[in-house]
Amino acid sequence: MRLLLIHSDYIEYETKKDTPIAEKIDESFKKDRLEEALTVFIAVESVDEEGKDEVIKKSIEEIKKAVKQINTNRIMLYPYAHLSSELSSPKFAVDVLKELETILSKDYEVARAPFGWYKAFRISCKGHPLSELSKTIVPEKSEKDEIVSEALKAEDVAQSYWKIMTPDGELHDVESFDFKNHKNLKKFVDYEITKSRKVEEAPPHVELMKRLELADYEPASDSGNMRYYPKGRLIKSLLETYVLESSVENGAMEVETPLMYDMNHPTLKKYLDRFPARQYSIESDKRHLFLRFAACFGQFLMNHDMTISYKNLPMKMIEMTRYSFRREQRGELVGLRRLRAFTMPDMHTMCSDMDQAIEQFGDQYNTCIETLDNIGLNIDDYEVAIRFTRDFYDQNRTFINSLAETVNKPVLVEMWDTRFFYFVLKFEFNFVDAIEKASALSTVQIDVENSERYDIKYTNTEGELTRPIMLHCCPSGAIERCIYALLEKASMDSEKGKPPMLPVWLSPTQVRILPISTRHLGYAEEVAEQLNARVDIDDREDSVGKKIRDAGREWIPYVVVIGDKEVESGNINVTIRSESQQNKPVKKEMSVNELNKKIHEETSSMPFRNLPLPKYVSQRPKFI
RNA sequence: GCCGUUGUGGCUUAGUCCGGUAUAGCGGCUGAUUCGUAAUCAGCAGGUCGAGGGUUCGAAUCCCUCCGACGGCUCCA
C-alpha cells in the first residue's frame, strides 16, 4: 500500500463521472470538504492482498502517528491509483478503504472520497516540514510467502501406517520384518520411513552426466533447469520416443496442451489445492499464470469439452511433457535426480467405473514393469511402494495382494486412515541410488476426485451422463530420472568390477572404429558403411592406446580396431564392453555381419536415431 | 526456504590459516611422430581467482551482501 499524507488547510472534491469499477454511492457522498485535515492519498497494491489485516493495521499506525504529529482531528481518505503501478483488485481496494474508514472513525472525524470515480479536487498544503509524508507498506512475508496447497498441509498431519507386504499378501510390521535377503528394500524403507541419511557425498551420476557430455547445469537459468548436450539430447529423445510409441501401441492417443494456465481459473484453482507441489508463477499483463507441473490440466480440460460414450472407454491420452515444472525446494535439487523443469510422460485413462479402473491399474502396473525393463532397469533395480486408503484396501484386498505377487518380492505398503490426496490407490517404483537415496520412477494412481472437479462425463449404456474414474500413469517416470537411474546403476556396476555402460540402444556411439594409422582410414570407412548402427571413426592422430582409452571412457559398447591384419583378412576385431571385466577386455574376431546381427538382436525392438555428432571424432568440439 | 560446507583458465587443481595480482596436469593450437588395445614427444596460447561492495599503500587470501554447487531438514516423477 502506498500512502501520501498531506496536512492541508482544506481538501475538497467533487465526483465528475463514474468508471466501470466505481463503487455505488449516495448523492451526499458525491461532494465533500474538510477544513484543517490530514489528507491521506491511498493506493492499495496487489501485494496487499496477501496480508490484508496486517497492511490495514500498519497503515492505521502510520496515519495515527501523522495525525498526532500535526495535531488535528480530521482525516480525508482519498483513493489515488496513480501512486502505484501494481494495484490490487478494485473490490479488495474498496474493502480496505472501508475498513480503514470504520476503524479510524472510532477516534477521528473521517471522510472518504468514493472509489472509482473521476473527481475534481482542490487541496491546500500547509507546507511545514511535517506536512507531506509518503509511506510504503508491504505485508511482512509477502515476498517469500508462497502458496502452499492444502494437500501439502494435509500431508503434514495425516496418519499413515507402514507395512511390508510379502508376495503371499501377508502384512508384516516394518520393525520386525527380516530384511536379510532384501537389502535394497531396507534402504528404501529407511529412506521412506526412518529417514536415515548416512551419506555426505554427491551422487555419482552428477559427475558422469558431465563427463559423458550428456547434461549440465545452466547457471544462467533457474536451478534445476538443465542444458543437454547432443549425446544427452539423443538419449532423451530415444527414451521419449520409446515411451510415447509403446503407449500409443497400447492404445493411448498423443495430445499436446499448454505449458501455462490461469491461476484464477476456478477449476484449476481447486486442483492446485489438491496437488502436493509448488509452482512457478508468472505475471503477464493482468493475468497470474502458473507453469504446469503435469499434463493433467490440459488433458482434463480437453476431456471436459469432449463427447464420450461408454464405448470409448477405457480411453487413454498421453503427452510427453517437455516440460513439467515444479518449484522444488533449493536443497532438493541434485543433478538429474530432481529438477525444476523435467520431461514426463503423463497418461490419463478414463474408466467407466471402479471395476474398469482396477483392471486398467493392473494392466498398467505390468506395462510399467515392462517399460522400465526395456529402458534397462529391471525389477531388481527398484523397490515397489503401494499406497492406499484403508477403505480401499478393505474392499480390494485380493487385487492389492496380486500386485506384490506379480513382482514376487516384498513391497512397502502405506495405508492412510483418510484420503487427503485425490487418489485412493497408487503405486510407485522407486529407484535406490548409489548413495542410498530413493526416488520414484513409474507410478499409477486411481483418481476419484477430478472428474467431478473438471466436470468430465461420459454417456453410459442407459444414455445417462456419468462421472468416470480417472487413472494417472507415468509409465517410465521422468525421462531425466531414467537417465539418472541408468547412470547410477552403471556407477554401482563399476563398484562391483563391471565396466559401466548404458544399454546399447541408448549408447550415443554404438560402434567406434579405430584405424591404427591414417592409411587404414579408407577401410575403416568401408566397415562403417556396412554397419547398421551409430558408428563413428576415431581419425585423430593419436596412439592406439590413447584412442582405446578414450573409447572406454565414453562407455562405447563395441570398439573395432582396424589395421593391416583386418584389411587382409576382411574380418574385424571387436572389443565387447558388456562381456569385459575391468582391466580384462574381451576381444572377439568376427565378420561385419556378425556384429550387425549382434547389435540388431540387442536393439531392434527399440527406437533408433542417427549419430548426434560428426562421424569423425577429430571434427567434434568439446562441450566440457 | 533454513542450517552447514564450498566456488581459482574449458576440465581437474596448488596457493587462502600467516595479504605483496597465481601452480601444475588434462584439453586446445603448432610442429615432429603413422603407431596393434587404458594417456607419444616438444613448443605456444589461455586466468578481471563466482559477482558486487568494504578494510588496506596493496586482496584469490581479511570483512559484508548476493549468486551457484554439494550435504542435512522437508518433499516428489
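First the proteins, then the strands, lettered A, B, ... as listed; each starts at 1. None of these values were measured; they are calculated from a predicted model. All values below were derived from every heavy atom in this structure, side-chain atoms included, with hydrogens, water molecules and symmetry-related copies excluded.
For A:T518, whose side chain is taken as the heavy atoms from C-beta onward, the closest listed nucleotide among B:U34, B:G36, B:C76 is B:U34. Distances were taken from every side-chain heavy atom of A:S223 (C-beta onward) to each of B:G36, B:G1, B:A69; the shortest belongs to B:A69. Distance from the side chain of A:K622 is smallest for B:G28 among the nucleotides B:A39, B:C76, B:G28. Among the nucleotides B:A38, B:G36, B:C70, the one closest to any side-chain atom of A:I516 is B:G36.
Taking atom P in both B:G4 and B:U13, the straight-line distance is 24 Å, to the nearest Å. Distance noted for atom P between B:U16 and B:U61: 13 Å (whole Å). B:C17 and B:G9: their C1' atoms are spaced 26 Å apart (whole Å). Straight-line distance between the P atoms of B:U65 and B:C3: roughly 11 Å, to the nearest whole Å. Going from the C1' atom of B:G10 to that of B:G27 covers 7 Å, rounded to whole Å. Nucleotides B:G50 and B:U8 have their C1' atoms positioned 10 Å apart, rounded to a whole Å. Between B:C62 and B:A14, the distance separating the two P atoms is 15 Å to the nearest Å. Of the C1' atoms belonging to B:G68 and B:G25, the separation is 26 Å, rounded to the nearest Å.
Taking 3.5 Å as the limit, the base of B:C75 and the side chain of A:R327 contain no donor-acceptor pair of atoms between them. Contact annotation: side chain of A:Y191 to base of B:C75, donor-acceptor pair present below 3.5 Å. For A:E566 against B:G36, a side-chain N or O and a base N or O form a donor-acceptor pair under 3.5 Å.
For the pair A:K426 and A:F388, the cation does not sit on the ring face, since its NZ or CZ is not both under 6.0 Å from the ring centre and inside 45° of the axis.
Taking the centre of each ring, A:Y365 and A:F427 come in below the 6.0 Å mark. Ring to ring, A:F188 and A:F429 are not that close: their centroids are 6.0 angstrom or more apart.
Side chains of A:V448 and A:F423 form no contact here, defined as non-hydrogen atoms less than 4.5 Å apart.
The residue A:L514 sits apart from the nucleic acid: no heavy atom pair falls under 4.0 Å. Contacts of A:R211 with the nucleic acid, taken as non-hydrogen atoms under 4.0 Å apart, are absent. Residue contacts for A:A485: at a heavy-atom cut-off of 4.0 Å it reaches no nucleic acid atom on any strand shown. Base engagement by A:D564 is indicated by at least one non-hydrogen atom pair under 4.0 Å involving a base atom. At the heavy-atom level, A:N573 lies under 4.0 Å from base atoms of the strands shown. The residue A:G552 sits apart from the nucleic acid: no heavy atom pair falls under 4.0 Å. Looking at heavy-atom distances under 4.0 Å, A:P345 makes no contact with the nucleic acid at all. Among the heavy atoms of the strands lying under 4.0 Å from A:K426 are primed sugar atoms or P, OP1, OP2 only; no base atom is included. At a threshold of 4.0 angstrom between heavy atoms, the contacts of A:I624 are confined to the sugar-phosphate backbone, with no base atom among them. Contact annotation for A:V561: base contact, defined as any heavy-atom pair under 4.0 Å involving a base atom. Among the heavy atoms of the strands lying under 4.0 Å from A:V334 are primed sugar atoms or P, OP1, OP2 only; no base atom is included.
Between A:T575 and B:U37 there is no side-chain polar atom (N or O) within less than 4.0 angstrom of OP1 or OP2. For the OP1/OP2 pair of B:G36 and a distance below 4.0 Å, the side-chain nitrogens and oxygens of A:K565 include no atom meeting the criterion. Side-chain nitrogen and oxygen atoms of A:K437 include at least one within less than 4.0 Å of the OP1 or OP2 phosphate oxygen of B:G72. Put simply, A:R330 has a side-chain N or O that comes within less than 4.0 Å of OP1 or OP2 on B:A69.
Pairing partner, B:A22: none, since no Watson-Crick or wobble contact has both distances short of 3.5 Å. Under the Watson-Crick or G-U wobble criterion, with both distances below 3.5 Å, B:C49 is left unpaired in every strand shown. Taking a pair to require two hydrogen-bonding distances under 3.5 Å in either a Watson-Crick or a G-U wobble arrangement, B:G43 pairs with B:C29. Remark: B:G71 base-pairs with B:C3; criterion is Watson-Crick or G-U wobble with both hydrogen-bond distances under 3.5 Å. Using Watson-Crick or G-U wobble geometry with both donor-acceptor distances under 3.5 Å, B:G36 finds no partner in any strand shown. Across all strands shown, B:A14 forms no Watson-Crick or G-U wobble pair with both key distances under 3.5 Å.
A:R338 places its CZ atom 13 Å from the P atom of B:U74, with the value rounded to the nearest Å. Rounded to whole Å, atom C1' of B:C76 lies 15 Å from atom CG of A:L412. Put simply, CD on A:E207 is 11 Å from C1' on B:C11, counting in whole angstrom units. As rounded to whole Å, 12 Å separates atom C1' of B:U12 from atom NZ of A:K210. Rounded to an integer number of Å, the gap from CG of A:L208 to P of B:C11 is 17 Å. Rounded to whole Å, atom P of B:C75 lies 13 Å from atom CD of A:E428. Atoms CG (A:D216) and C1' (B:A69) sit 11 Å apart, rounded to a whole Å. Atom CD in A:E332 sits about 9 Å away from atom P in B:C73, given to the nearest Å.
Taking for each of A:S476 and A:R549 the nucleotide of RNA chain B with the nearest heavy atom, the 5'-most of the two is the partner of A:R549. Each of A:G224 and A:S439 lies near RNA chain B, and the nucleotide nearest A:G224 is the one positioned closer to the 5' end.
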Worksheet entry | Protein-to-nucleotide contact annotation, 5' to 3' order, nucleotides 40-53 of chain B [B base; S sugar-phosphate only; - none; under 4.0 Å, heavy atom] | S-------------
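Side-chain contact of A:D539 with A:S618: a donor-acceptor pair under 3.5 Å is present, judged by distance alone. There is no side-chain donor-acceptor pair under 3.5 Å between A:N430 and A:Y191.
If you run salt bridge (Lys or Arg N to Asp or Glu O under 4.0 Å) between A:E192 and each of A:R387, A:K187, A:K163, only A:R387 comes through. The only option from A:K498, A:K588, A:K587 that meets the salt bridge (Lys or Arg N to Asp or Glu O under 4.0 Å) definition with A:E579 turns out to be A:K588.
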Item to complete: Assess whether ring-ring contact (aromatic ring centres under 6.0 Å, His included) is satisfied between A:F325 and A:F293, documenting all intermediate values.
Response: CA-CA 5 Å; A:F325 297 91; A:F293 38 80; over 10 Å; no
Fill in: Derivation of the ring-ring contact (aromatic ring centres under 6.0 Å, His included) call for A:Y382 and A:F431
CA-CA 4 Å; A:Y382 54 83; A:F431 180 82; 8.6 Å; no
Worksheet item: Stepwise, does the ring-ring contact (aromatic ring centres under 6.0 Å, His included) test hold for A:H472 with A:F361?
Response: CA-CA 9 Å; A:H472 301 244; A:F361 187 98; over 10 Å; no
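For A:W555 against A:M501, the heavy-atom pair with the smallest separation is CE3-CA, 3.6 Å.
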